[in-house]
Colleague: 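Let me begin by handing over the structure; questions about it come next.
For the numbers below, each heavy atom of this structure counts, side chains included, while hydrogens, waters and symmetry mates do not.
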Amino acid sequence: MQRGLRVVLRGPGPGVPRWLLVPALLGFAFVIGPLVALTGAVEWSHFGELVTSQASRDALWLSLKTALASTVVCVVLGVPMAVLLARVRWRILPVLRAMVLLPLVLPPVVGGLSLLYLFGRYGLLGRHLEAMGVEIAFSTTAVVLAQSFVALPFLVITLEGAMRTSGERYERIAATLGAAPTTVWRRITLPLLRPALISGSVLAFARALGEFGATLTFAGSLQGRTRTLPLEIYLQRENDPGAAVALSLLLVLMAVLIVLVAYRRVGVPEGREWAAGLWSWGGRATTTESGPR
C-alpha cells in the first residue's frame, strides 16, 4: 500500500514540471466527470430492458451496419488520398489537404446540407440520379455517405502522418532494385502502414458510429432505415429520458472499447512502438527520418 502511494506521489519525471499536474488533472476530471455523472443517472434495474427494446435494437444494428460500410468507403477512398498527400509534389496539395480537413471543423449540419444539395432530389448530382431512378437522400445509403463524409479525415490524417514519418527510404531502395510501383506499394508501403491503417480505420468507425447532425439533415430519422443510435438517443430524450441515458451509456462504452483498440500496440514488437513520428525503445524515444531501423 505504501509502495503504491509512493509511486502515485512520485514526481512526473525530469522533463515534466510538477505544476503541470494540476491543469492536467483538471482536464482529466473535466472529461471523465460527465461520464461518471451519466453512469450515476442510469436506471440499472431496467438497463437491459431499455437497451434491448425493438427501437433500440433496430438503431444499434443500423448504426453498426452503416458505420462498417462507411469505414470501408473511407479505406477505399482515404488510402489513395493519403498516398497522394504524402508522396506527390503538387502545388494544389495544400488546398486539397484543407478540403479534406474541412469536415473536422464544419458543423455537422452544414455537412449534411452540403450533401443534400449534392445528392438530394434537386441537387447537383441528385437530379440526374433521380432521372435514372436512383434516390439517395433520406435512405440508408445517405446515412453511409454522411458518416463517410465526417469520418474520412480521421483515416486520411492518420495515414498521411504515418507515411510522412516513415519516409521514402525503403520505397526508393525497392525502386532502385527494379520493383514496379505496384510491387513497392504492396510489399513495402502497405506493411509499414498496417498499424496506422488499423488505427485510422477504427477511429473512422468510431466517428461514423457517433455521427448525428449530418445524418439527421441528409438522411432523416426513419426507424430501421435511417434512425441510427445517436438519433434514437435524441428522440428518446423527449419521450423516455431513462432510455436515452441507457443508450448514451451503451454508446459511451462502445466508444471506449473502440478507442482502446485503436491505440493498442498493433503489429509492433514488444518494447517498441510507433507514435507521432517517434520510435520508443525501452522507454527512450528518438526521432527518425526514415522509419524503422
Side-chain angles (χ1 to χ4, degrees), residues 38 42-43 46-77 103-104 106-154 203-255 258:
L38 183 67
V42 174
E43 299 179 10
H46 302 287
F47 181 79
E49 177 184 350
L50 294 173
V51 299
T52 56
S53 64
Q54 184 63 45
S56 301
R57 285 186 283 116
D58 289 344
L60 177 60
W61 178 237
L62 179 64
S63 294
L64 293 175
K65 289 191 302 182
T66 54
L68 182 60
S70 65
T71 302
V72 174
V73 173
C74 289
V75 171
V76 172
L77 300 179
L104 292 178
L106 277 179
V109 175
V110 176
L113 280 175
S114 303
L115 291 171
L116 186 61
Y117 280 101
L118 178 63
F119 294 107
R121 176 173 297 182
Y122 303 105
L124 188 63
L125 295 179
R127 67 185 70 173
H128 303 292
L129 296 174
E130 183 78 15
M132 294 185 293
V134 179
E135 298 181 4
I136 294 181
F138 304 104
S139 66
T140 305
T141 303
V143 177
V144 175
L145 291 178
Q147 292 175 343
S148 301
F149 180 78
V150 299
L152 185 61
F154 289 86
L203 290 176
F205 178 85
R207 180 62 185 91
L209 192 65
E211 171 50 34
F212 172 78
T215 303
L216 180 62
T217 307
F218 181 44
S221 178
L222 302 174
Q223 182 174 347
R225 186 179 180 185
T226 64
R227 186 180 299 167
T228 57
L229 193 57
L231 296 180
E232 179 66 20
I233 292 173
Y234 180 78
L235 181 65
Q236 294 294 347
R237 184 179 64 91
E238 299 291 341
N239 301 331
D240 189 353
V245 172
L247 291 175
S248 298
L249 181 61
L250 177 63
L251 192 58
V252 168
L253 294 177
M254 294 174 63
I258 290 170

Colleague: Quick one: pull up CG in L106 and CZ in F149 and give me the separation to the nearest 0.5 Å.
Modeller: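 Rounded to the nearest 0.5 Å, the CG-CZ separation comes to 6.0 Å.
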Colleague: With a 4.5 Å heavy-atom cut-off, do V143 and F218 have their side chains touching?
Modeller: no
Colleague: Would you give the length of the straight line joining atom OG of S53 to atom CG of L60, rounded to the nearest 0.5 angstrom?
Modeller: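 Going from OG on S53 over to CG on L60, the span is 10.5 Å.
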Colleague: Which value, rounded to the nearest 0.5 Å, describes the distance between N239 atom CG and Y234 atom OH?
Modeller: 11.0 Å
Colleague: Going by heavy atoms in the side chains, are Q223 and L231 under 4.5 Å from each other?
Modeller: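 A side-chain contact is absent here, since even the closest heavy-atom pair is not under 4.5 Å.
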Colleague: Please tabulate, for side-chain N and O atoms in residues 111-137, each donor-acceptor pair with protein atoms closer than 3.5 Å (sequence neighbours left out).
Modeller:
unit_1, atom_1, unit_2, atom_2, d
S114, OG, V110, O, 2.8
R127, NE, G123, O, 2.9
R127, NH2, Y122, O, 3.2

Colleague: Heavy atoms only: give me the nearest P230-E211 pair and the separation to one decimal.
Modeller: CG-O, 3.5 Å
Colleague: For atom CZ of F138, decide whether the heavy atoms of other residues, nucleotides or ligands shown that lie under 6.0 angstrom number more than 12.
Modeller: yes
Colleague: Would a distance-only check, ignoring hydrogens and angles, find a side-chain to backbone donor-acceptor pair under 3.5 Å from T217 to A214?
Modeller: no
Colleague: Test R227 against S221 for side chain to side chain donor-acceptor pair (under 3.5 Å), laying out the working first.
Modeller: CA-CA 4 Å; R227 186 180 299 167; S221 178; 3.0 Å; yes
Colleague: Indicate the atoms forming the closest heavy-atom contact of C74 with S148, along with that distance.
Modeller: SG-O, 3.9 Å
Colleague: What heavy-atom pair brings A142 and A219 nearest, and what distance separates the two atoms?
Modeller: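 For A142 and A219, the tightest heavy-atom pair comes out as CB-CB, 3.8 Å.
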Colleague: Is any side-chain heavy atom of D58 closer than 4.5 Å to a side-chain heavy atom of L62?
Modeller: no
Colleague: Roughly how far apart are T228 OG1 and F212 CZ, rounded to 0.5 Å?
Modeller: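 Interatomic distance, T228 OG1 to F212 CZ, rounded to 0.5 Å: 8.5 Å.
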Colleague: When you compare the side chain of R207 with that of L203, does any pair of heavy atoms fall below 4.5 Å?
Modeller: no
Colleague: Main chain of R225, side chain of T140: is a donor-acceptor contact present, judged purely on distance under 3.5 Å?
Modeller: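 Judged by distance alone, yes, a pair lies under 3.5 Å.
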Colleague: Under a 4.5 Å cut-off applied to non-hydrogen side-chain atoms, are P241 and Q236 in contact?
Modeller: no
Colleague: Under 4.5 Å between any side-chain heavy atoms of P103 and L152, yes or no?
Modeller: no
Colleague: In Å, rounded to the nearest 0.5 Å, how long is the span from CG of L250 to CG of L50?
Modeller: 11.0 Å
Colleague: Nearest 0.5 angstrom please: Q147 CD to L68 CG, how far?
Modeller: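 Interatomic distance, Q147 CD to L68 CG, rounded to 0.5 Å: 10.5 Å.
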Colleague: Quick one: closest heavy-atom pair of A59 and E232, and the distance?
Modeller: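 Looking at all heavy atoms of both residues, the shortest contact is CB-CB, 3.7 Å.
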Colleague: Quick one: are L229 and L209 in side-chain contact, heavy atoms under 4.5 Å?
Modeller: no
Colleague: Given side chains that start at C-beta, do those of L64 and F205 come closer than 4.5 Å, heavy atoms only?
Modeller: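 L64 reaches F205 side chain to side chain.
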